[in-house]
Amino acid sequence: MAGEGAGRHAGLRNAVILLLVWELVGQLGIVAGGALPPPSDILIRLWQDRADYPRHIGATLWASALGFVIGNVVAIAGGILFAMSPLMLRLFRGINIAAFALPPIAIAPILALTLSGMAPRITLAALGVYFVTMTATVIGISQADSRAQDVIRAYGGTRWKVLRLVQLRSAVPSILAGLRVAAPNAVLGAILAEFGGGGRWGLGTYLLGSLGRAEPDRLWGIGLVATVIAGLSYAGFAVLSHRMLGATKAVTLNTAVPAGQPRPGHVAERIAVALVAITLPFTIWWALIRLSGAPAMIAKTPVDVFTYLFLSPASSTAQAKLLAALGQTLPITFAGMAAGLGFAFLLAIGTKLSPRATQAFMPIALVTQTMPLVALTPLLVLILGRGTSLTLWITISVTFFPAFVTLAQGISLVPRSAEELPRVYGGSRWQELRLVTIPASLPYLFAATRLTVPRALLGVMIAEWLATGRGIGNLLNQSRGYLDYGMIWSVAAVSVILSVVFFQIVVVVERRVLARLGMTTSE
Amino acid sequence: ATSPLTMQAAWINDAEFAGYFLGLDRGYFTDAGLDLEYLSGGPDVIPESTIIAGRADLALTTPDTTIKAITEQGAPFKIIGAQYQKNPIGIVSLAKNPINEPKDLIGKTLAVPPVNVISVEAMLKMNGIDPSQVNIVPYAYDPTPLVKGEIDASLDFTTNVPFTIKQAGEDATSFLLYDFGYTIYNDTVVVTEQVLAEKRDLLVAWLAASRKAWAENLADPSVWPPKFAETHFAGTGRSIENELYFNAAQKPLMESAEGYFALTGDGIEKCLSALGEVGIVGSADMFDTSLLAEI
Amino acid sequence: MTQPDGITLSGVSKTFTGRGKVVEALRDVTLSCPAGSFTSIIGPSGCGKSTVMRIALGLETANSGAVRIAGEAPLDAAKDGVTGVAFQDAALLPWRSVKRNVEVPLEVLGRKPARERDQVQAMIELVGLSGYENSLPGELSGGMRQRVAIARALVTHPQVLFMDEPFGALDQILRRQMNVELQRIWADTGSTALLVTHGIDEAVFLSDRVVVMHADPGRIVDIVDVPFDRPRDPSLFSDLVFHEVCDNIAEVLHGG
Amino acid sequence: MTQPDGITLSGVSKTFTGRGKVVEALRDVTLSCPAGSFTSIIGPSGCGKSTVMRIALGLETANSGAVRIAGEAPLDAAKDGVTGVAFQDAALLPWRSVKRNVEVPLEVLGRKPARERDQVQAMIELVGLSGYENSLPGELSGGMRQRVAIARALVTHPQVLFMDEPFGALDQILRRQMNVELQRIWADTGSTALLVTHGIDEAVFLSDRVVVMHADPGRIVDIVDVPFDRPRDPSLFSDLVFHEVCDNIAEVLHGG
Ligand SMILES: Nc1ncnc2c1ncn2[C@@H]1O[C@H](COP(=O)(O)OP(=O)(O)OP(=O)(O)O)[C@@H](O)[C@H]1O
Ligand SMILES: Nc1ncnc2c1ncn2[C@@H]1O[C@H](COP(=O)(O)OP(=O)(O)OP(=O)(O)O)[C@@H](O)[C@H]1O
Ligand SMILES: Cc1ncc(C[n+]2csc(CCO)c2C)c(N)n1
Ligand SMILES: [Mg+2]
Ligand SMILES: [Mg+2]
């Protein structure tokens, strides 16, 4: 279409303008006393370093590609399982969230010690993609048009047929959105694992070597290369999803109210499910440690952590340290959650109100997802100092992307006929959003919130670790240096438990709100 | 026939480990009957963990971490040598905003890797400074904030960062913590008691070969780093000039009357007393000087 | 009573507890359509016609009462591949072309659509959509979408055929054509048909019996037998007796 | 020609390039509905009726030709709050209750629904949905949903009213009732109305002029003036002249 062509050109034009502004800012050294290099310097530097890159790229690409594939296969299979069986979803919730909320800074070294070769990198890359794709699969399946499902059921279609002919197909755009987020996550996961792995090759390793050299143009070059890897994958899935989206949108609005989910009826049954759901993650944690055969000093079981925090002579000190750190971390975490989600929301609305500007922003968004924060933070510190604004900034950059893509996905799926309603009454774009787009994509808004919640804590911890020197992020880093594995595992466990609690709160609110509006919940 | 031995280094490949690279290239370890596997480190690699996990036989560590792990975690470590007689860690600042001694830090912002905060605080106390008078922030090994003046000083390897700062167009000044009372070793050679018992002769062989290699490397610090450009230093993102600077700067910190890796009674005493100031109460039996004696 | 292979509802009641209101959608609905018969349901908007159909299909469960399709529970009957359905809302799969939408029942039943290509094409022609085989539902008009749904319902030559106002969005001519075609296919297949419609004449033309429902609570108020021989010619629409039957039904429908 | 505040389409053509087919949906459609007039469009399924309406609403852009609503471009006219629309598909917002769905136009126009509560309630009563104010669309029958859409279209007493087969899912009685009510509201408001329908009698009863379209390509083949005085009584439906006019239109429609 002509409009689309013009859009593409406008996108290109915006990108060029952006680059020119960046160049100017870089050349004039306006930002951070010149610590932000102009694109030309970065390119020149890339060229000079060109001999170094192939092996580093190869290593990272290999690990992230394998992790991407493995993580997504598991995620899609899991998503199907969880969408079909709410019981399974509930039982596995703790584990699922843990996979997402476990701080890479805590697990990377442990993976390096328990696995060998490329395995830690692949694992971390796979962990980085699992939850996002799994969530996308579940929501895609659960939001499939119930009318189409009725057709299959009326013809005696089995659950499997309903899944195959309707649910999976209509989940495709959503899954592709998940894969878009997963791409940068896989690359970053591989890079973070390189930090803890001590290997010779990989963009992460290269970055470490370059970190101490006060040469931002090199750091940015490495970051950009990582971004290009993730970006190509992102773009591929974006194009694919754009192609499939049009035909996935319902022609008319489905008004059917979902039949109430058959809740586990008896109180006893519910308690049993809850108990298993709570115990399962700890059991798996325990089993993994036993199986890995890691030495007891490093690998702590749930029992060890409990002992460390409550029964050992040093417990009161440990508790005091942990509580003090939590006191510093938690308040800012809530602010970070709100900020990350708010930003994602604004951006997602931006895709509707001003698609071109948003498109031009995507490369920057991708950079924030693949550029390891170790490399970016010194620059951020120069711009923002080491206070709350920096923490918020880092938290936003860690949280907004999955939430944004999920939301944008939901918004793009709103049927045309619903959006035409306010339009024919002369409604503004804003009214269209308020009356139709936002309510219609509420299930996606909640899914986005659920993605944001565990990440926000992680974002705050990273900021604390790299810049502010407060809270549990700093405690974690310090404990690593002291080989205080009891504290490391305690921090990891507490941060996961907190994430699960926040997550569960969102789920409860989501259920209430969506039920009131006659919408299908994906949780 | 050679016996396998694995060592875990403390950082990514740089001149800090030039001696081992030389020993590998010249076959000194092989000659000593070792099939040495060398594992690079990095900021997220905790060398002690690698030997606890049995992935390496010996590790180069920072003694404060190691001794803290022994006293607080009951880690079964023994220190059998020390690469740096004087810890190269120091306070680095810009010449135009120089910090020449601890008291200059008062009212300034100092970036310190979180693990080292207690060390810095101890050094400050030793010099009569209340640590609360210094604004300590985390340091993530990127000197850019120092070069740009966001911080006034950072704690880093004095053998390395001043060169970087020079490259960035500034002059650096630095002083060692060691010279202001925090008298500890660094890159201590650490093994578990089990490895010490089972592979004692291999460890002795390693010490001997390493000592020989280091001596050759430091005889003229400008000779060897360029030879590793395409091998051990390939792809690290660092320059050979940097390694040359590093190699020269580390020489005085490694030398000892009793030879490289020496653990002297005096040195151990100083190290323990400095750590005592930080509340890390070690003892001389954490060091096993007998292997060096065998060489 | 009825042959086991028709449609039987006995004493079916259904109450919906909606957000706004508790609705007694069906009270004690008993209806049996013998195998091979054609039954229409007619009644005011909201009287429970679609609910009867959805319960008979097993998509909704009754609060009380029993449902048998060809002697089986509804979903089991469906699994045997005997059912054909056209919903009130066309309910097409938006990502499938017209042809592929018509093929859905074949795929669900595990029959290879490729082998029944002629059948699919014949149905598309029947509903007047030749040339639109590869169009997506979003590229069709409202009436065209409804026609795809009709083609889809008939493509398997189902033993038991449910249609919920399938001709609502069609113009008069097309509607009459469809009526005639439906009669032909139904007779050829020997199927049991249940049609929900607002067109009394359409109901009378097609049916053996017309079930009249009233609302509040949804219930059957009369079942009118239609006396005309088969096959019925479109000229019947201008027959005098035909109009009498229609008027008769209209009276029951409107009066009570 | 026309008063500036009616609906004018001049030489409108529209071709859709779908995935399956290129469709000439409209060829040179010229139509002007004077202010205050009632016009119906009738024509076979897929002939472009909805497309005419969507183009007049500004939801679709014509390939060529011009459209004016009350003298303005379609979407500008909408902004002035003069429009009322009922789509072929009810297009209710599933998460809003009946009442809140009817309120949508008021909200869009920035009128406080609270102040117009009586008006909203009156419309809900008009379409026979009292008691269902708080029900969600999913809790309604197909016909009930369509009635909510009618209430929503009328709630603002629009100057220009577009309705695309609004009564398709209603039974005969209700349909007649709605016809009469629509006539009353239209007359009271003095609005310009454009109705798409498959019911010739309905079109004749309500309209000043009936536009007959044919398909392939979609085009206007005749515009028939309806001679009856206003207000028209439902008894008109059994009038002989009325039937003559209807038959006349049917002939144009079916013959050509
Ligand atoms: N978005 C679209 N893409 C492609 N073709 C379209 C699109 N919308 C409509 N058409 C085609 O345009 C023609 C006219 O469609 P339109 O919806 O206007 O018909 P209609 O007269 O309203 O029919 P009905 O009575 O069945 O609703 C049809 O052939 C249809 O296939
Ligand atoms: N899911 C539901 N939840 C609550 N109430 C419902 C639901 N489905 C139907 N009803 C109610 O049941 C009654 C019968 O609905 P049904 O759809 O069977 O009517 P119908 O006879 O098919 O009407 P129409 O001719 O308008 O399609 C209506 O009052 C409707 O409000
Ligand atoms: C050049 C260089 N930089 C950092 C380290 C690692 N390291 C050893 S001690 C210490 C101080 C803080 O822990 C650090 C960072 C190294 N070995 N060489
Ligand atoms: Mg119905
Ligand atoms: Mg239409």
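Just the heavy atoms: all of them, side chains too, but no hydrogens, waters or symmetry mates, feed the values below. Lettering follows sequence order; numbering is per chain, from 1.
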Side chain to side chain contact (heavy atoms under 4.5 Å, CB included) partners for C:P74, two or more places apart:
C:V67, C:I69
Can you establish whether the number of heavy atoms outside C:R184 located under 6.0 Å from its atom CZ is more than 12?
yes
Residues of residues 121-133 of chain C within contact distance of chain D, non-hydrogen under 4.5 Å:
C:G131, C:Y132
What part of [X] gets closer than 4.5 Å to chain C, counting heavy atoms only: side chain, backbone, both or neither?
{"X": "D:V98", "value": "neither"}
{"X": "D:S50", "value": "neither"}
{"X": "D:S45", "value": "both"}

Within residues 162-172 of chain D, which positions have a heavy-atom distance to chain C below 4.5 Å?
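Hits under 4.5 Å: D:E165, D:G168, D:A169, D:L170, D:D171.
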Taking non-hydrogen atoms and a cut-off under 4.5 angstrom, which of residues 51-62 of chain D neighbour chain C?
none
Heavy-atom cut-off 4.5 Å, strictly under: side chain, backbone, both or neither for C:R175 against chain D?
neither
Side chain / backbone / both / neither for C:S135 at chain D, heavy atoms under 4.5 Å:
both
Which one wins on heavy-atom pair count under 4.5 Å against chain D: C:S141, C:A250, C:A25, C:G48?
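Sorted descending by pairs with chain D, the first entry is C:S141.
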To the closest 0.5 Å, what do you measure between CD (C:Q88) and CZ (D:R145)?
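Output value for this atom pair is 7.0 Å.
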Interatomic spacing from CD1 in C:I173 to NE2 in D:H198 - rounded to 0.5 Å
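Interatomic distance, C:I173 CD1 to D:H198 NE2, rounded to 0.5 Å: 11.5 Å.
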Nearest atoms (heavy-atom pairs only) where C:E139 meets D:R19
OE2-N, 2.8 Å
